[in-house]
Amino acid sequence: RWRQAEGVYKANRAMVVAALGEPTDFALELDARLEAGVLKGVLRVRGPVRSGVRVHLTLAERAVLYPGESTVVVHRMLARAPLLGLSGEGWEPTQGAMELPFEVGLADIQRENEDYLDELQGAGLGAVEKFGTAIDASQVRLVAHLRNPFTRETLGALSAAPERPEEDAP
């Protein structure tokens with residue numbers, strides 16, 4: 001079945017991209033810069049007042065390669081960290097808009113993820129490998145979305161790569 005994974009990914013990606021093209025009452029805009037291992041920016045969201053809606057922002061890696069000289073992709077769009085907490089931020093616009101600033105170091109995220117893996121191992125949940133915990137700056141993406149956790153409806157979404165200085169870019 002693993003040989004079919006790429007085809008399944010492409011088929012599902014096409015459906016998701018088409019669904020994300022549907023009109024929405026919300027507009028998301030992301031300004032982000034990744035420099036010297038620090039990701040900094042602001043997520044701007046505009047839209048109508050809606051009860052219970054949460055705003056989420058996730059740092060992801062577009063493609064995680066097997067370590068070493070290999071170019072084998074082992075994960076696509078791997079979520080590395082929620083930048084607005086696990087539950088997101090409550091949608092509480094002022095005059096129809098919200099600005100959510102963020103700043104995080106990639107090394108800090110890697111360390112937090114490794115600490116969590118140590119906790120799992122310490123709890124007797126098996127041995128874990130940490131060779132894939134380093135975050136490749138060239139693959140960093142941000143995924144923002146608004147979601148109503150009660151209806152499970154996604155009200156808007158955006159995926160974008162942060163700006164990078166030329167000396168950091170691949």
Side-chain angles (χ1 to χ4, degrees), residues 2 5-22 24 26-45 53-68 70-91 98-120 128-149 152-165 168-170:
W2 64 269
E6 191 69 18
V8 170
Y9 167 79
K10 287 179 181 176
N12 285 317
R13 183 181 188 282
M15 288 186 292
V16 169
V17 168
L20 291 175
E22 295 292 319
T24 177
F26 293 89
L28 292 89
E29 179 185 321
L30 192 55
D31 290 322
R33 185 169 181 84
L34 177 57
E35 187 170 4
V38 177
L39 180 64
K40 184 177 183 176
V42 63
L43 171 63
R44 292 180 187 85
V45 185
V53 173
R54 310 292 297 176
V55 182
H56 298 269
L57 181 61
T58 303
L59 183 144
E61 266 186 278
R62 192 173 76 77
V64 178
L65 303 179
Y66 190 83
S70 170
T71 59
V72 174
V73 175
V74 293
H75 296 289
R76 291 194 185 274
M77 290 307 285
L78 177 66
R80 291 293 192 170
L83 300 184
L84 301 176
L86 285 174
S87 299
E89 187 79 26
W91 170 243
M98 269 182 85
E99 287 196 0
L100 301 159
F102 57 89
E103 182 172 352
V104 65
L106 298 184
D108 295 332
I109 292 172
Q110 179 179 347
R111 188 171 33 263
E112 288 175 18
N113 287 339
E114 288 177 352
D115 289 348
Y116 180 70
L117 291 173
D118 287 341
E119 286 178 33
L120 292 176
V128 294
E129 295 292 336
K130 297 182 190 174
F131 62 80
T133 59
I135 300 170
D136 181 351
S138 70
Q139 296 294 320
V140 168
R141 299 286 290 190
L142 292 164
V143 179
H145 69 279
L146 284 94
R147 184 171 186 267
N148 184 323
R152 298 184 180 173
E153 180 182 19
T154 297
L155 304 168
L158 172 70
S159 174
E163 291 182 25
R164 296 178 54 213
D168 282 358

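Small disclaimer: the values here were computed from a predicted structure and weren't measured.
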Taking the side chain as everything from C-beta on, heavy atoms only, tell me whether [X] gets closer than 4.5 Å to [Y].
X      : Y      : value
Leu43  : Val55  : yes
Arg62  : Ser159 : no
Leu142 : Phe102 : yes
Arg44  : Glu99  : yes

Drop me the distance from [X]'s [atom1] to [Y]'s [atom2], to the nearest 0.5 angstrom.
X      : Y      : atom1 : atom2 : answer
Leu86  : Thr58  : CG    : OG1   : 9.5 Å
Thr133 : Ile109 : OG1   : CD1   : 12.0 Å
Leu146 : Glu153 : CG    : CD    : 10.5 Å
Leu120 : Asp115 : CG    : CG    : 11.0 Å

Okay, side chain of [X], backbone of [Y]: is any donor-acceptor separation there less than 3.5 Å?
X      : Y      : answer
Arg54  : Ser87  : yes
Asn148 : Leu155 : no
Thr24  : Phe26  : yes
Glu61  : Arg80  : no

Looking at every non-hydrogen atom in both residues, tell me the closest pair between Glu35 and Pro165 and how far apart they are.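 Residues Glu35 and Pro165, closest heavy atoms: CG-CG, 3.5 Å.
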
Please report the closest heavy-atom contact between Thr154 and His145, naming both atoms and the distance. CG2-CB, 4.4 Å

Check step by step if side-chain contact (heavy atoms from CB on, under 4.5 Å) holds for Leu39 and Leu83. CA-CA 10 Å; Leu39 180 64; Leu83 300 184; 4.2 Å; yes

Go through the structure and list residues passing side-chain contact (heavy atoms from CB on, under 4.5 Å) with Val140, not counting sequence neighbours. Leu34, Leu59, Leu106, Ile135, Pro162

